[in-house]
Structure formats: C-alpha cells, structure tokens
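Below is one structure, written out as structure tokens, with a few remarks after it.
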2 protein chains.
Amino acid sequence: MSPQRRSGLGTNQEAIRRHNLGTLLRHVHGAGQISRAELTTLMGLNRSTIAGLVGELESLGISERATAPEGARQGAGRPSAGVRIAQDGPYVIAVDLGVDRAVVARVGLGGQVLQRAQAPVSSDGEAWQVGAAVAALIRAVVEDVPGSSSLVGIGISVPGLVRRSDGLVRLAPNLEWHDVSFGGIVLAALGLDIPVSIANDADLGALAEHTRGAGVGVDDLIYVSGNVGVGAGVIAGGHRLEGAGGYAGEVGHLRFNPDGRPCHCGNQGCWETEVGAHAIAEAIQCPAAKVAQLDEVLDGFDQASPELRATGTALGQGLASIVNSFNPQLVVLGGYFRSLYRLVSTEVNAGLADRALPAPLESVTLALPGLGADSALLGAAEIALEPLFVDPVAALGTALDDVQARLAG
Amino acid sequence: MSPQRRSGLGTNQEAIRRHNLGTLLRHVHGAGQISRAELTTLMGLNRSTIAGLVGELESLGISERATAPEGARQGAGRPSAGVRIAQDGPYVIAVDLGVDRAVVARVGLGGQVLQRAQAPVSSDGEAWQVGAAVAALIRAVVEDVPGSSSLVGIGISVPGLVRRSDGLVRLAPNLEWHDVSFGGIVLAALGLDIPVSIANDADLGALAEHTRGAGVGVDDLIYVSGNVGVGAGVIAGGHRLEGAGGYAGEVGHLRFNPDGRPCHCGNQGCWETEVGAHAIAEAIQCPAAKVAQLDEVLDGFDQASPELRATGTALGQGLASIVNSFNPQLVVLGGYFRSLYRLVSTEVNAGLADRALPAPLESVTLALPGLGADSALLGAAEIALEPLFVDPVAALGTALDDVQARLAG
DNA sequence: GTCGTTCCGTCCTATCGCACAACAAATTCT
DNA sequence: AGAATTTGTTGTGCGATAGGACGGAACGAC
C-alpha cells in the first residue's frame, strides 16, 4: 500500500518529506493508535525525525498525543508517547451502492464509522434518482459534523465496471446502467465540487480487507464478491490490481461449462451462471423478488440441499481457476458467499483442492470477511482517504470546511 | 518496474541517492543511449543533480560520455551530451532453459547480447546433468570477457513453477523435475558463489517484452507462452505479478471444457489440453518426437486445416477468460503461439471477441513478441540486472571480476 | 560571415531533511 | 533507593537537491 508507483521519476527532498509524512499517517491510520517507538522501528527513521513528523501531523490537526494504554507495558525504559487520530480530524464520505439499497457513512481516519445512514434504492431507478437519494443520505450523515473537521473527499462503491481513467460507470448490470457518470451526478445533486473516487465493489472489498479486515499483512489476496453478479477484487504485491481500463477481476464470466446456461453477457456457461445469485436462488427455490437479499435467505438455512452442495462444488472449482491464475495467499468470500460458505464449506474446499494446482493450493487459505458486510463501504472510504497518504498537507489544503453549512444552503 | 515497493518504510537521504542513481541507470539501460537533457525531463530533477548522478555512473565505469548522433538535431541551443552504457561495463549471464535445448548468453546493460551459446538438452536428463551442460555453456560464453568487466549475477528462465522465496523449481513437467534447486546446481558446477535469480519462462517473457519488446510503455500486459505447456506472465501496473508463492499466471489449467481430455495435472479439459503442444501436434498430425520443435513445424505450414482453426478458436476463447480476469492492454503471444497466430489469427481474434466482455475487450490488443524467440532469455538477463537498478554501488561492489580466470581454475 | 538566440554543462552557494550525539525524563528491575 | 533501560528533546552536522551565474556550442537570420 505504499503510495509510490512513480514511473521513472527522481526523488527530491520535498518528496521525501511528503512521502514520510504520508507513510507515517498511513501507519497511524492502520493501527488507530501507535507509539512513536513503534513508528521508529517500522519506518526505519531516527527518533528525532519521527518526532518532527509527528509534530507536523499534530499541528495540522490530524493526530493528537495519547498516553499509552494501561496494560501494555513491555519492559524497562521510559514509555513511548502514543500517536492517535485526532477527534475532530479530517473525514470522508463513503458510499456503498448495492443492488437494492445504498449505505452512506461518514468515516474518519482510522477507519471509524462516525455516522451512518441507509435507504432502499429501486433497482429500476434512473441514475439521477439514485444520485438524489445518495445526496440526501450524505446530507443526513453530515448533520453533526464538528466545525473544525474538514471533508477530504467522497468514495463510492458501485456494483459494476468502472473505468479508472475518469470513474465512468461503464456497465452496472443490476442497476441497468450504461456509461453513467455517477460521481458527477452526486456532486451535482449536492452542489459541491470535491474529489470523488469511484470503483468496483469487489475491488474495494479487497482493499478494505487488506487494510483492516481478514487480510491485514497479506500482500496477495482476492476478495470474491457474490452480489447478484460475481466479481473479484485483487490485491497483488500489496497493491490494487486494476488492469489497463480498471476492469480487472471480472471472474464471473470465466468459462466454466460450455454447455451450461446462457449468461446475460451473451455467452454460455459462465461461472456466474452456476454460482451467481439467480443460480443459487433456483437451487434453494427462493422467489425472484428476494434474490437481492440472498444472503439473508441463506442465513435462514441450517442445512444444505444437494443442489446447494453442487453449487458449493462449483464455487470451489471456479475458485481453483482463480487460485491458479493469481496465486493469492488468501481468498476472502464476500457478499452472499459469506452465508453460502457457512453451509457448504466442505464442498467448496473439496472443489478447490480438486482443481487447483498443488503449488498454488498449498499457500492459499479461504476466509470470511473480517469486516462483515461493510467491506465495500470501508473500501470506498479508503480510496477517498488515499490522497491524505500521498500528500497530507496538499490533501488538507483542498479539503472542505464547514460542509454542513454549505450543504444546507 | 520502479524498484520501489517499500512496504511502509521511511526514506532517508541515502535512499534518495540510491534510488535516483538506480532510476537514472534504468533509463540509460532502457534507451541504450540518452541525453542528459532527456534525463532531466524524465526524472524531473535539476540539471546539476543529473550531472552529479551521471558523473557517479561514469566513475563507476558503468556509463560513458557520448556525443549525440548525427541526424537527430531538434532545434537551436547547445546539444546535450549523451550518456551511454560503457563498453566494458558490468554484465550478466542469462540462461533460457527450454524443453529440448538450453541457450546461454552474456548480456550487458542495455540488453545487448554480447556472446551466445546453446546446446541440446535431453528431456529425460537428470537436473545435475542439465546443470553441467549449462555450466559448460557459461564457460564458453565468458571466453572473451574483457578483464575490466565484472559479472553481476546469473538469471535463469525455467519452464515450470518456481518458488519466489528461494528460487526452488517446484515442478517442471516437461523436464520431469520436482523440487529441484537448479540455481544451486549450476553454481556448484561452476564453483562460484554469485547471485542467481530464477523465474518462470512466461513471467520473464512478459518482463522482457515490457522492457524492450512489443510492450514498451505498456504497464498492463500479458505474455502467453506456448512452450509444450501453456503459461502466462503478467505485468500489472508496470510491475511483475508474482503471487504469494511466485506461481501466478498458470493459465494453462484454467477450466475450459469439463468434458474434455484428461490433463497431466489430473483434471479434465484444462485449456492446455486444447491449445497445448500435444493438442496442436495432434491437430496437424505432427509426430510426437517433434513436439518440442512445434514452432518450426508450424512455420512450415502456409494454410490452416479445420482442426488447426478450431485450435485457434479455442486459443481466442481462452484468452477471453484471461482478458476478463486481468484486463491487460496488450497480450503478447509467445512460443509456438507466434507461429500459430500467423496461421489462424482470424479464428483467435473471433474467439476472443466472442467471449470477452466489451469493456476489457475494447482496450486490448494482440501482438507478437518484439524480441522473437529471445523474450525469456532477455527476461532472465533483466532479473539478473535488477540489483543494479536498486543500488548500483552495492551491486557493483559484490560483482565478480576476472570471471574467466576463476572459471578456468 | 557575423551576431543574436537558445539551450546546455559547470561551478558555487543556499536550502532542506535526516542522522547523530548529548542530555533530561520516565519507567522497570534489583 | 539506585542502577539500568528506553524514550523525548535539543542542537549540530552531513548530504542531497535546487537555483543562479557564467561560459560554451549549435542554429538561424540578416
């Protein structure tokens, strides 16, 4: 997650300071609270340098001094002063657009959800209607913002293909969107002009699980999301795998069974036709109206039917292709796969072990999300916070104060 | 390809110098010759800083001053002095281990093959026999090394799964190797102790094509290699995609046709059973003995049979799964796919267009390797050179002088 | 052919960031 | 209670890049 993927540029001293300040903040953000001594070890810098950086962060109002917690003494010596995210520090708005509902949260550094609101969204709604609904939720969520806090940006998670160059939603099958500039729509509905980042829900799930979920410290992981459609987000070498256009991870349309059912993409037998929500709904005879809440329906089961077990096998076998392709250390099963895996973990594991190559198989683990259903939401917060870790001073400079007043007007 | 994937470390001034010197060298290496003015623009540093870095590189004996080439004047002003790789600069040994032959080359900075040798390798040979053969080739290749040149390391390309933590060859099906420490074997046969880097041939093909082949400037590309087995190397975001163990890109065992032929991996209908060398040999009724030279056999055709065209379709359809998963900007078809694509490009393109999602499809291009059959060889050189770009001073410090004399003794 | 323009290399100085050493402070261990 | 240990603070030094002044080398116009 280091910010630096500079192409071939050189580094000057100004860049050092930016980078070190951003990295320091990233550590504080990741840990919530951390001592200066730990920072010294982690970053490999001198005590005095860390002191200078921490001082700058405090004078920016981002962090504040904290005494070490009671229990955790580890030896002799003067205890190290703690650094923790400030109370009224900068925050972002995170939006998780689902198939049938939108969740909006105000999230501070450290990943804490400070305020939260949600509302149902009709699946046949026009994009501008959804945008208006989201804008209303955003207004609700900034109700009680302290005046000194400033808004850094908005992050939006969308269940669809998002072009990374400009954030255009190319295709969101379940919302029936084609080429929708949803970021612009939300900004227009708010009457604001601040940085908006949009990305695919599975990509953001992977990011959040990597930062503060089941995949902390794991640099190669995949978040497979069952969310009506099936998609994956990939963290490779500690960085998001985006692909040339931003569409990497569309594993739902991996070829699975050439004689299988037709897929909405136009082909036949895509993996999604076997493990997608509609296939599972059919396996458990769930009415079509409740497909969007498939996870809750599945949670109501305590035993798996043979049909459902076959689905589990298909899930495992498809994961094998993913494991062979990406060789992740961890595969996180998100969306309704969370509920499904609880019922048919045996079949999933068997299907995976059956079809994966021995070498990639031995290093991979399946896991459930550490963030529950909030992975994508917190991932949206992460991408909105990202500018702070690249250059804290600049990001705070463009952040917006007094959002509540501006939105009221 | 920037060296910086520092996890969460800070940067000190020493690191700046290292990084800038390495980045400068990387630019010279990539371009062969480049002017200081261009370096100033590319790296965003001051003229005087570039001058200092170039001076250090020259005093290290890595680069030398060059006058600008004749034709290329672009306007008024004093022409900028060129920087070019020194004549007797450091070099590496690159080894490309194929199924039936080994190629060894002495490669200098700039990617120039200075000397080259090859020999057939029996496919049922023990690893130590192959190691001895490779060692003999290495001795041949350092015959005429100038005394002032020093050897930085050895890079080896292997057609199999290589564990990245220690370079162990976990599995090389066509050599029938299991858990072979080939780097150690070669070093023992040479009686030397220098850095050895080993990696999968497709991974190295991707790296070389990215650095100096068909994918220069393309940060998301995939090199699909047909080399008896089928594998892929992935460059994502300008960096190698290695995966947790180093096994990423094993696309030969993607599920393709569940009712298909049995694969040596134990499953049925892997993609490799449709587009692997044995399948193609069958389609063109090529005798089993010539499977290893499939590319030459295919080059003898000038028209494709219906069976071969079906193989082309299968190739394209399988590529669609890869394109959907990785969203590359470029797919380079290496190994015997080079020859195959010349015959059945129509079918490959059609199969890809048929099965890939529109969004990833629109940004992808198929291409032949810019380095011909040398992709993996030059990729092996690249990984061996890598330490020079991370820290030129340190890498030169551990480099070996007078290799010829040491190997003779 | 000469002069002006333009761009580049070289030298010197300034600025900035981190490392280092010395000292003071706050705990733990004996 | 005192020694030992670790950390925060402060002042100094080193090193890397930036910036400006100067001279050199080529191009273009008159």
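Being a predicted model, the structure only gives us computed values, none of them experimental. Lettering of chains follows the sequences in order, A, B, ..., and the numbering in each one begins at 1.
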Phosphate OP1/OP2 of [N]: any [X] side-chain N/O under 4.0 Å:
| X | N | value |
| --- | --- | --- |
| B:R36 | C:dT10 | yes |
| B:R78 | D:dC22 | no |
| A:N20 | C:dC18 | yes |
| B:S80 | C:dG9 | yes |

Practice prompt. For A:R65, answer base if it contacts any base atom (sugar-phosphate contacts may also be present), sugar-phosphate if it contacts only those atoms, and nothing otherwise; contact means non-hydrogen atoms under 4.0 Å.
Written response: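 Answer is sugar-phosphate: A:R65 comes under 4.0 Å of backbone atoms only.
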
Item to complete: Give me the residues of residues 42-54 of chain B where at least one heavy atom lies under 4.0 Å from an atom of DNA chain C, by number, or none.
Response: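 When residues 42-54 of chain B is checked for heavy atoms under 4.0 Å from DNA chain C, the hits, listed by number, are B:R47, B:S48.
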
Could you list the residues that satisfy side chain to side chain donor-acceptor pair (under 3.5 Å) with [X], not counting sequence neighbours?
| X | value |
| --- | --- |
| A:D193 | none |
| A:N20 | none |
| A:D401 | none |

Practice prompt. Report the nucleotide, chosen from D:dA16, C:dC18, D:dT7, that has the shortest atom-to-atom distance to any side-chain atom of A:R17.
Written response: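 Of the candidates, C:dC18 comes closest.
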
Discussion item. Strictly by side-chain hydrogen bond (donor to acceptor under 3.5 Å, both in side chains), give each pair with a member in residues 51-60 of chain A just once, sequence neighbours left out.
Written reply: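 Non-adjacent pairs meeting side-chain hydrogen bond (donor to acceptor under 3.5 Å, both in side chains): A:R17-A:E56.
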
Worksheet item: Nearest nucleotide by nearest heavy atom, which residue falls closer to the 5' end of DNA chain D, A:G77 or A:T40?
Response: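 Its nearest nucleotide being more 5', the pick is A:G77.
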
Please report, rounded to the nearest Å, how far the [atom2] atom of [N] is from the [atom1] atom of [X].
| X | N | atom1 | atom2 | answer |
| --- | --- | --- | --- | --- |
| B:E38 | C:dC8 | CD | C1' | 13 Å |
| B:L39 | D:dT17 | CG | C1' | 16 Å |
| B:L24 | D:dT17 | CG | P | 11 Å |
| A:I16 | D:dA16 | CD1 | P | 10 Å |

Item to complete: Using the side chain to side chain contact (heavy atoms under 4.5 Å, CB included) rule, pick out the option among B:I154, B:I156, B:V403 that qualifies with B:I93.
Response: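 Among B:I154, B:I156, B:V403, the one meeting side chain to side chain contact (heavy atoms under 4.5 Å, CB included) with B:I93 is B:I154.
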
Worksheet item: At their closest point, which heavy atom of A:I62 faces which heavy atom of A:L25, and how far apart are they?
Response: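 Taking every non-hydrogen atom into account, CG2-CD1, 3.6 Å.
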
Discussion item. By the salt bridge (Lys or Arg N to Asp or Glu O under 4.0 Å) test, which pairs, at least two apart or in different chains, include something from residues 29-47 of chain A?
Written reply: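 Of all non-adjacent pairs touching residues 29-47 of chain A, none passes salt bridge (Lys or Arg N to Asp or Glu O under 4.0 Å).
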
Worksheet item: Taking atom types as they are modelled, is there a donor-acceptor pair under 3.5 Å from the base of D:dG15 to the side chain of A:Q13?
Response: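 Check passes, donor-acceptor contact within cut-off.
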
